[in-house]
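Right, one structure below, let's go through it.
Each residue takes its place number in the sequence, starting with 1. Every heavy atom of this structure was used, including side-chain atoms; hydrogens, water molecules and symmetry mates were not.
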Amino acid sequence: MGMEVGVVELVRTGWIAGTLPILIASLPLSCLNSFHDIVLGFAKRGKILQSSSSKRFTVPQKFFCHFYVLAVVWTTLLLATTWTYAYKMVPLNSDPFLYSTFANRITGGSHILSWRKSPSIPIGYRYSVWRSVFLLLLMEVQVVKRLIETIFVFKYSSTARMHIFGYLTGLFFYTAAPLSLCCNHIPEVYNYSVNGLAEFIVKGKKYTMQDLDFNWLEFTSSLLKLGWLQWIGAAIFFWGWIHQRRCHDILGSLREDSEQSDEYVIPHGDWFKFVSSPHYLAEIVIYAGLVVASGGADLTIWLLFGFVVSNLVFAAAETHRWYLQKFRSYPRNRRAIIPFLY
């Protein structure tokens, strides 16, 4: 319990610490102009940073790839361990008495997981674990797509830079975001994984297929027993996911010739008809889908969503201002990130 509270509180504190400066910097108060400029300086990258006179403390924008390599590895690890724990310990379609046998075997008869020897694991807890698996599965789809886009779609200019603080923030985000989707169950997943690994090391080659006791149908069937909110959330997620892919394809196509990668043109198509940063809007829709799929009762995921919204709205406002200053013919009916409103 102590470890769970520690991880949850640490992640929540991180989201609050990341969100508050952005919210304060966004307040329309003249006394905060200097603070706004400082926060904006940390957030600048690409074309926005190129218009700035200072390039100190920056890294190449192609380092974006680091975010998604980290995200894919970390999310895959969390998904694999949480899904295996859910399948073995809290399935939605098995006799709860079976859990105690495996828990006792995996711990060598110790009391590390002794609470699972109860024949009645709360159904709410079991569904909560499987919701985390579902959320991590969606996150895996997102980060794999972003990694592929970073490698094959985007053509970063050799002069494109981003602030080192923005780079570190990205590393934090793609560490904390997947963790936020399952942090309520990290202690159990960790103990299960460590004890399972220990038993595997002890048994070595004696570990048989019967010990693994794996069935693909059972491995996935519990996901189908989740509620309607999870599937509505998934539909919202993929709605944003598809539009983000389209908008990224449009942005990537604007730089077919890498030698002309410093030249910018006005993007058109898909949600660019309505806003200047539709890929940011789509990202917000994606994380809104995760909130819905979570059931909407997890404060950690709400704080994650709050960080995503505040960060992207702040960045989109500056991008919109850049477009208006750069192009005299820029469509005046476009908003920054929220269609028809902002």
Side-chain angles (χ1 to χ4, degrees), residues 19 22-30 32-33 36-37 39-52 61 64 142 145-146 149-150 153-157 160 162-163 166 232-233 235-257 260-292 305-342:
T19 304
I22 300 173
L23 293 179
I24 294 172
S26 300
L27 295 175
L29 301 175
S30 58
L32 294 175
N33 286 344
H36 175 275
D37 292 340
V39 175
L40 181 60
F42 290 153
K44 283 183 176 180
R45 61 175 181 264
K47 57 181 176 288
I48 307 301
L49 184 59
Q50 286 180 357
S51 64
S52 173
Q61 194 175 2
F64 255 76
Q142 171 65 359
K145 175 183 74 75
R146 295 296 288 118
E149 289 174 337
T150 303
V153 176
F154 290 116
K155 303 172 181 64
Y156 294 113
S157 165
M162 62 177 163
H163 197 281
I232 291 178
I236 296 172
F237 172 94
F238 280 108
W239 180 46
W241 189 90
I242 290 170
H243 281 284
Q244 186 179 66
R245 183 187 62 78
R246 291 174 180 172
C247 293
H248 284 162
D249 285 343
I250 291 171
L251 290 173
S253 69
L254 298 179
R255 297 182 179 181
E256 294 294 345
D257 186 350
Q260 298 177 351
S261 58
D262 288 331
E263 296 296 325
Y264 290 94
V265 298
I266 301 174
H268 294 278
D270 203 70
W271 285 356
F272 278 105
K273 179 180 179 181
F274 306 106
V275 295
S276 295
S277 299
H279 50 313
Y280 291 168
L281 173 60
E283 185 94 353
I284 291 174
V285 172
I286 286 169
Y287 282 90
L290 292 179
V291 171
V292 174
F305 181 63
F307 176 83
V308 169
V309 173
S310 61
N311 181 54
L312 294 182
V313 169
F314 187 79
E318 183 62 22
T319 299
H320 188 63
R321 280 191 289 270
W322 183 89
Y323 274 126
L324 291 175
Q325 294 171 3
K326 179 74 173 179
F327 302 104
R328 292 183 178 181
S329 60
Y330 194 73
R332 297 294 165 174
N333 61 326
R334 285 190 192 180
R335 297 295 182 259
I337 190 169
I338 302 176
F340 313 113
L341 297 178
Y342 178 77

One pair to check against side-chain contact (heavy atoms from CB on, under 4.5 Å): F272 and L251. What are the steps and the verdict?
CA-CA 10 Å; F272 278 105; L251 290 173; 3.6 Å; yes
If we ignore angles and hydrogens, is there a donor and acceptor under 3.5 Å between the side chains of E149 and H248?
yes
Can E283 and Q142 be said to form a side-chain contact (heavy atoms from CB on, under 4.5 Å), step by step?
CA-CA 10 Å; E283 185 94 353; Q142 171 65 359; 3.4 Å; yes
N33 (side chain) donor-acceptor with S30 (main chain) under 3.5 angstrom:
yes
Least distance between heavy atoms, A288 atom then I236 atom:
C-CG2, 4.5 Å
Taking every heavy atom of A282 against every heavy atom of G240, the minimum-distance pair comes out as CB-O, 3.4 Å
If you look at every heavy atom in D270 and I250, which pair is closest and at what distance?
CB-CD1, 4.0 Å
Residue pair L40, E318: steps toward the side-chain contact (heavy atoms from CB on, under 4.5 Å) verdict:
CA-CA 8 Å; L40 181 60; E318 183 62 22; 3.4 Å; yes
Do any N or O atoms from the side chain of R334 and from the backbone of K273 form a donor-acceptor pair under 3.5 angstrom?
no
Quick one, F64 and Y156 - any side-chain contact, counting heavy atoms below 4.5 Å?
yes
Separation between CZ (R321) and CG (L324), nearest 0.5 Å, reads 9.5 Å
Under a 4.5 Å cut-off applied to non-hydrogen side-chain atoms, are L29 and L32 in contact?
yes
Please check if atom CZ in R328 has more than 12 non-hydrogen atoms from other residues, nucleotides or ligands closer than 6.0 Å.
no
Provide the closest heavy-atom pair for R335 versus F340 in the form atom of the first, atom of the second, distance.
CG-N, 3.6 Å
Can the ring centroids of Y280 and W271 be said to lie less than 6.0 angstrom from one another?
no
Quick one: pull up CD1 in I24 and OG in S310 and give me the separation to the nearest 0.5 Å.
11.5 Å
Does the pair Y287 and F305 meet the rule for a ring-ring contact (aromatic ring centres under 6.0 Å, His included), with working shown?
CA-CA 6 Å; Y287 282 90; F305 181 63; 7.8 Å; no
Between the CG atom in D249 and the CG atom in L254, the distance rounded to the nearest 0.5 Å is 11.0 Å
Aromatic plane relationship, F238 with W241 - under 30° parallel, 30 to 60° tilted, over 60° perpendicular:
perpendicular
Does any non-hydrogen side-chain atom of T19 lie less than 4.5 Å from one of L23?
yes
Test log, rule side-chain contact (heavy atoms from CB on, under 4.5 Å), inputs F314 and V39
CA-CA 10 Å; F314 187 79; V39 175; 3.9 Å; yes
Interatomic spacing from CG in L341 to CZ in F274 - rounded to 0.5 Å
12.5 Å
Which pair of non-hydrogen atoms, one from F327 and one from R332, has the smallest distance, and what is that distance?
O-NH2, 4.3 Å
Between I266 and P331 the two heavy atoms that sit nearest each other are CG2-CD, 4.2 Å
Under 4.5 Å between any side-chain heavy atoms of S277 and L312, yes or no?
no
Specify whether Y330 and H320 have parallel, tilted or perpendicular ring planes, treating 30° as the upper limit for parallel and 60° as the lower limit for perpendicular.
perpendicular
Looking at side-chain heavy atoms only, is the closest gap between Y342 and V313 below 4.5 Å?
yes
Where the side chain of Q244 meets the backbone of H279, is there a donor-acceptor pair that is under 3.5 Å apart?
yes
Out of curiosity, I337 CD1 to L281 CG, how far, rounded to the nearest 0.5 Å?
6.0 Å
